[in-house]
Q: 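Handing you this structure, nothing more for now.
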Amino acid sequence: MRFVDEYRDAGTARALSARIAGLCEPGRAYAFMEVCGGHTHTIYKHGLEDHLPPAVSLVHGPGCPVCVIPMGRVDDAMHIARQDGVIMTSFGDMMRVPGSHGSFFDANAEGTDIRMVYSPLDSLKIARANPDRRVVFMAIGFETTTPSTALTVRRAAAEGLRNFSVFCNHITIVPALRAILDSPDVRIDGFVGPGHVSTVIGCRPYDFIPRDYGRPLVVSGFEPLDILQSIHQLLRQLRDGRCEVENQYTRVVAAAGNPVALAVIDEVLEPRPDFEWRGLGRIPWSAMRVRERYAAFDAERIFAPPGARVEDPKACQCGEVLTGVIKPWECKVFGTGCTPETPIGACMVSPEGACAAYYNFGRARHRATGPAKELSRS
Amino acid sequence: MCLGIPGEVVEIRPDRPDIATVDVSGVRRAINIGLLDERPPHPGDWVLIHVGFALSLIDEAEARAALDFLTGIGRAYDDELAALRASSID
């Protein structure tokens, strides 16, 4: 596997780590936020924090869309799912997210028809096969999944399917980054930018971060060396007094993104004036809703869910984890009351959530006091 | 759900140019390639797949590295593959 070795090579990682250390100014600390759940996964699995100098810390941002869905939206979905004749479809990641009266799995066990699907297109097939039922797809995700929902709605319209709609919970990364930068509690020196979201939106939407907030951002791939290299690029910018958007993941991300995907999103969906994020509160223009033109496919218009705001459980500190104020293991219920099998907060639900990733890969390392481990080559 | 999984395009459906059969770690399934209209893939090309849609063309080196990474993360990828196996896109 020559190709893989190029991305994983432990010797290269050590050399990069040394160069990263060499770029740190004495007496200065650096905090970089990664805003993609896939990056969080890589960081914990490979113990990347052990390969960084003490002056550099990584902050895990709100990059997992399942984790930032507020309980009120789960309750709204449940309200829709319980209507007569409804079949709710959902990605597997959503099934264990707690609402105020349990998760989709719990509702399923009680007889509500909620089915796991791999793709929104699978929901279309269910709708065709069940013409006397109303199929509602629980649409979630950042810009990586948004074009899929939009294209599915367009296809349903083209087919004239009358029993399919989407409950749209798509969110957008840029307003979330702005909200984090506006937060008085957060001190971030730069961002490891999301790789797959950027395949859709490209690199230009991040230009406001260096321009308005004076922080660099490097769009990064998912291999350990990608992330180390991105951190190196961030530190080099800071040392040189530069502040720019750079693309480390050029082998996948085009600067202009995917114009076909952007066009289909714009045709079917429009920005929503206001949306609540778990842990971040209400963020203006941070989510998408179905355009009037496709109103017949909008579950929110069809079923008018109550839209009540629901407070998160008091014990849960997901909000502080999502904004990087605390690390997952500093939450008072981490690993005790809240585990991947019995999550209290959403960060423990998805494998990409910071708490679940840390629980699965990082706990032993955090508690160990021995020397840093070798970069995993598994 | 957010995992991008690489797949090798095996066939473009003759009657449906927006649907391709791909091979992902030995699992063969239909995916939608309509988001790649600007540069449609051909058999032998590798694509990055999210929730049943090809989002970008990738080279073989990237695909193999990503597959190796994904197989190493355990349950999350197993669940994704199981979901792909259960899917039925047309």
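Residue numbers begin at 1 in each chain, while the letters A, B, ... track the order of the sequences.
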Q: Among A:Ala261, A:Ser148, A:Ala356, single out the residue with the greatest number of heavy-atom pairs under 4.5 Å to chain B.
A: A:Ser148
Q: Do B:Leu36 and A:Asn258 touch side chain to side chain, with heavy atoms closer than 4.5 Å?
A: yes
Q: Is the closest side-chain heavy-atom distance between B:Glu62 and A:Val252 below 4.5 Å?
A: yes
Q: Rounded to the nearest 0.5 Å, what separation is found between the CG atom of B:Asp18 and the CG atom of A:Leu151?
A: 8.0 Å
Q: Would you say A:Tyr118 and B:Glu80 make side-chain contact, with heavy atoms under 4.5 Å?
A: yes
Q: I need the A:His41 NE2 to B:Leu3 CG distance, nearest 0.5 Å.
A: 7.5 Å
Q: Using the salt bridge (charged side-chain N to carboxylate O under 4.0 Å, His left out) rule, take A:Arg155 and B:Asp90 through it: C-alpha gap first, then chi angles, then the decisive distance, then the call.
A: CA-CA 11 Å; A:Arg155 174 142 194 92; B:Asp90 63 11; over 6 Å; no
Q: Under a 4.5 Å cut-off applied to non-hydrogen side-chain atoms, are B:Phe53 and A:Ser119 in contact?
A: yes
Q: How long is the span from the OG1 atom in A:Thr152 to the CG atom in B:Asn32, to the nearest 0.5 Å?
A: 7.5 Å
Q: Got a donor-acceptor contact below 3.5 angstrom from the A:Thr199 side chain to the B:Ser56 backbone?
A: no
Q: Below 4.5 Å from any heavy atom of chain B, which atoms of A:Val264 appear? Answer side chain, backbone, both or neither.
A: side chain
Q: Hey, is the main chain of A:Val260 close enough, under 3.5 Å, to the side chain of B:Asp37 for a donor-acceptor pair?
A: no
Q: Does any backbone or side-chain atom of A:Val200 lie under 4.5 Å from a heavy atom of chain B? Answer side chain, backbone, both or neither.
A: side chain
Q: Without swapping roles, check the side chain of A:Asp122 against the backbone of B:Ser88 for a donor-acceptor pair under 3.5 Å.
A: yes
Q: Is it the case that more than 12 heavy atoms not belonging to A:Arg204 sit under 6.0 Å from its CZ atom?
A: no
Q: Please look at B:Leu48 and chain A and tell me whether the side chain, the backbone, both or neither of the residue comes under 4.5 angstrom of a heavy atom of that chain.
A: side chain
Q: Taking atom CZ of B:Arg28 as the centre, report whether more than 12 heavy atoms of other residues, nucleotides or ligands fall under 6.0 Å from it.
A: no
Q: So which heavy atom on B:Glu38 is nearest to which on A:Pro259, and how close?
A: OE1-CG, 3.3 Å
Q: A side-chain contact here means heavy atoms from C-beta on lying under 4.5 Å apart; do B:Val51 and A:Pro120 qualify?
A: yes
